[in-house]
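Note that this is a predicted model, so its numbers are computed, not measured.
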Amino acid sequence: MDGELLSLDDDLFDAYFDRYPFKITHDLVGHPLLQLPRLIELARSLGGPILYFKGDHAINQVATAAGRNELKRTFRDRQLSRPELSATETLAQIESCRAWMQLRDVGSDPEYASLLGKIIEEFRPSSERTAPGLSAPRADIFVSSPAAVTPFHLDEEHNFLLQIRGSKRLSIADGFNTAVLDRQSLRSYFLGNGELAPYSEHLEQHSVHVDLSPGEGVHIPPCHPHWVQNGNEVSISLGILWYSDVTARRRHLFRVNGWLERAGLNPSMPGDRPMSDALKALPLTVRRRLRRWRQALAIFHDNRRS
């Protein structure tokens, strides 16, 4: 496909990126790599396990874990029930088997890697203005049965979700609001206890509700918990996720605090003491800047040789 794949409003991007959900439009609806027959082929070829579950699970998957292991807050650890089908059978029967599926890191396939690269290069200049240091980009594809629900969870990466087929409604809660995500829950997430977040209906008043149709997409800021209600048709969505200096710093601060806690210390929470945060993050900041400098230098030398 020729031409731009994304339509971005620079003013909207600068005002809301990494702070607040906002919609964009795209030209990927008819892309051959994102049609169901091609996705079935992709599912057969992917080397890693495919995440898929029944689509009728409760929005909240944290409180229901009480009495077992409350720290196990991942989709896999919760052992949610799934169709009695293989991943490829589920995908082939997605219209009737009431499930949702995540094909993770599809950029391991060269064709999808090329598509991911083109999309990244279109929004990289805009994202670098707010959150420099784009790294480890990933493309995930979500395929859901009619009316399927994806439970409440969070992702630490920057995220664009692009709707290809069908429709869905996202309820995206304000991750900056401690009534939605208290700092102990955030700490638990970064210590490796899973992406599922506690949900109750009162969080809807702190949420933005976004309806997506084919050709539309939404930016989900990092650590903004969300759940998804699929529409009345099969849904296909393309998720573009990546890290930056902003997300790497957040993860680093919580990990350093974890090390200090294991040493018997009581470190301040990230955000409470900016000078302390800056000292904790200094090695990471230097390392990431040196890496970008080396990459830029390598590109400069390559261009000179060519």
D140 side-chain N/O to D105 backbone N/O, donor-acceptor pair under 3.5 Å = yes

Will you find, in the side chains of R288 and S135, an N or O donor that is under 3.5 Å from an N or O acceptor?
-> yes

Partner residues of E157 under the side chain to side chain donor-acceptor pair (under 3.5 Å) criterion, sequence neighbours left out | R138, Y243

With sequence neighbours excluded, give me every ring pair (Phe, Tyr, Trp, His ring centres under 6.0 Å) pair touching residues 247-291.
-> F190-F254

Main-chain N/O of P151 paired to H153 side chain as donor or acceptor, under 3.5 Å = yes

CA sep, side-chain torsions, deciding dist, call: I240, F123, side-chain contact (heavy atoms from CB on, under 4.5 Å) = CA-CA 11 Å; I240 307 296; F123 69 73; 4.0 Å; yes

Determine yes or no for a side-chain-to-main-chain donor-acceptor pair under 3.5 angstrom, with S145 supplying the side chain and A148 the backbone.
-> no

To the nearest 0.5 Å, what is the distance between NZ (K168) and CH2 (W227)?
-> 12.5 Å

Residue N266 excluded, over 12 heavy atoms near CG under 6.0 Å | no

On a heavy-atom basis, the closest approach of V62 and N60 is N-OD1, 3.1 Å

Partners of F152 by ring pair (Phe, Tyr, Trp, His ring centres under 6.0 Å), sequence neighbours excluded?
-> Y199

Decide if atom CD of E261 counts as having more than 12 heavy atoms of other residues, nucleotides or ligands within a radius under 6.0 Å.
-> yes

Which side chain to side chain donor-acceptor pair (under 3.5 Å) pairs, counting each pair once, include a residue from residues 36-54, with sequence neighbours left out?
-> R38-E111

Give a yes or no on whether a salt bridge exists between D14 and R129, defined as a side-chain N under 4.0 angstrom from a carboxylate O.
-> yes

Taking all atoms of both residues into account, what is the closest heavy-atom pair of P270 and L253, and its distance?
-> CG-CB, 3.9 Å

All pairs passing ring pair (Phe, Tyr, Trp, His ring centres under 6.0 Å) where residues 81-108 contributes a residue, at least two apart = F53-W100, F75-W100

Let me see the working for L36 and R165 under side-chain contact (heavy atoms from CB on, under 4.5 Å), right down to the final yes or no.
-> CA-CA 10 Å; L36 193 55; R165 172 181 170 180; 4.0 Å; yes

For the residue pair V210 and R169, establish whether any side-chain heavy-atom pair is separated by less than 4.5 Å.
-> no

K23 side chain near L212 side chain, heavy-atom distance below 4.5 Å = yes

Report yes if the side chains of H57 and S81 come closer than 4.5 Å at any heavy-atom pair, otherwise no.
-> yes

From the list L238, L103, I141, side chain to side chain contact (heavy atoms under 4.5 Å, CB included) with Y112 holds only for I141

Could you walk me through whether L28 and L33 pass the side-chain contact (heavy atoms from CB on, under 4.5 Å) test, one step at a time?
-> CA-CA 9 Å; L28 287 160; L33 293 179; over 6 Å; no

Does E122 use its side chain to pair, donor to acceptor, with the backbone of L6 at less than 3.5 Å?
-> yes

Does H206 use its side chain to pair, donor to acceptor, with the backbone of T178 at less than 3.5 Å?
-> no

Count the heavy atoms belonging to other residues, nucleotides or ligands that lie under 6.0 Å from CG of D10, then report whether that count exceeds 12.
-> yes

L191 and L196: same hydrophobic cluster, using ILVMFWY side-chain contacts below 4.5 Å?
-> no

Does one hydrophobic cluster hold both M269 and L186, with members joined at side-chain heavy-atom distances below 4.5 Å?
-> yes

L42 reachable from L241 in the ILVMFWY side-chain graph, under 4.5 Å edges | no

Hey, does the side chain of Q229 reach the backbone of A147 with a donor-acceptor pair shorter than 3.5 angstrom?
-> yes

Quick one: ring pair (Phe, Tyr, Trp, His ring centres under 6.0 Å) partners of H219, sequence neighbours excluded?
-> F17, F22, F160

OG on S127 to NE2 on H158, rounded to 0.5 Å | 7.5 Å

Would E156 and R250 pass as an ion pair if we require N to O under 4.0 Å?
-> no

Would V218 and W242 show up in the same hydrophobic cluster when neighbours are defined by side-chain heavy atoms closer than 4.5 Å?
-> yes

When rounded to the nearest 0.5 angstrom, what is the spacing between CZ in R104 and CD1 in I50?
-> 13.0 Å

Please name all residues satisfying side-chain contact (heavy atoms from CB on, under 4.5 Å) with S96, sequence neighbours left out, ordered by chain then number.
-> Q93

Same apolar cluster: I164 and L170, side chain cutoff 4.5 Å | yes

CG on L154 to OG on S185, rounded to 0.5 Å | 9.0 Å

Go through the structure and list residues passing side-chain contact (heavy atoms from CB on, under 4.5 Å) with P132, not counting sequence neighbours.
-> E128, D245

To which residues is V246 joined in a hydrophobic cluster, defined by side-chain heavy-atom contacts under 4.5 Å among Ile, Leu, Val, Met, Phe, Trp and Tyr, whether direct or through other members?
-> none

Looking at residues at least two apart in the chain, or sitting in another chain, which of them share a side-chain contact (heavy atoms from CB on, under 4.5 Å) with D9?
-> D11, L12

Got a second to check how far S200's OG is from I59's CD1, nearest 0.5 Å?
-> 10.5 Å

Find the distance between CG (L5) and OG1 (T25) and round it off to the nearest 0.5 Å.
-> 11.5 Å

Nonpolar side-chain network containing L85, other nodes, edges under 4.5 Å | none

Using modelled atom types only, decide if a donor and an acceptor are shared between the side chain of H26 and the backbone of Q163 within a distance under 3.5 Å.
-> yes

For atom CZ of R124, is the number of surrounding heavy atoms from other residues, nucleotides or ligands below 6.0 Å larger than 12?
-> yes

Please tabulate, for the side chains in residues 274-286, all donor-acceptor contacts under 3.5 angstrom to protein atoms that are two or more places apart in sequence or on a different chain.
residue : atom : partner : partner atom : Å
D277    : OD2  : G271    : N            : 2.7
K280    : NZ   : N257    : OD1          : 2.7
K280    : NZ   : S268    : O            : 3.4
T285    : OG1  : A281    : O            : 3.0

E204 side chain to E201 main-chain N or O, any donor-acceptor pair under 3.5 Å?
-> no

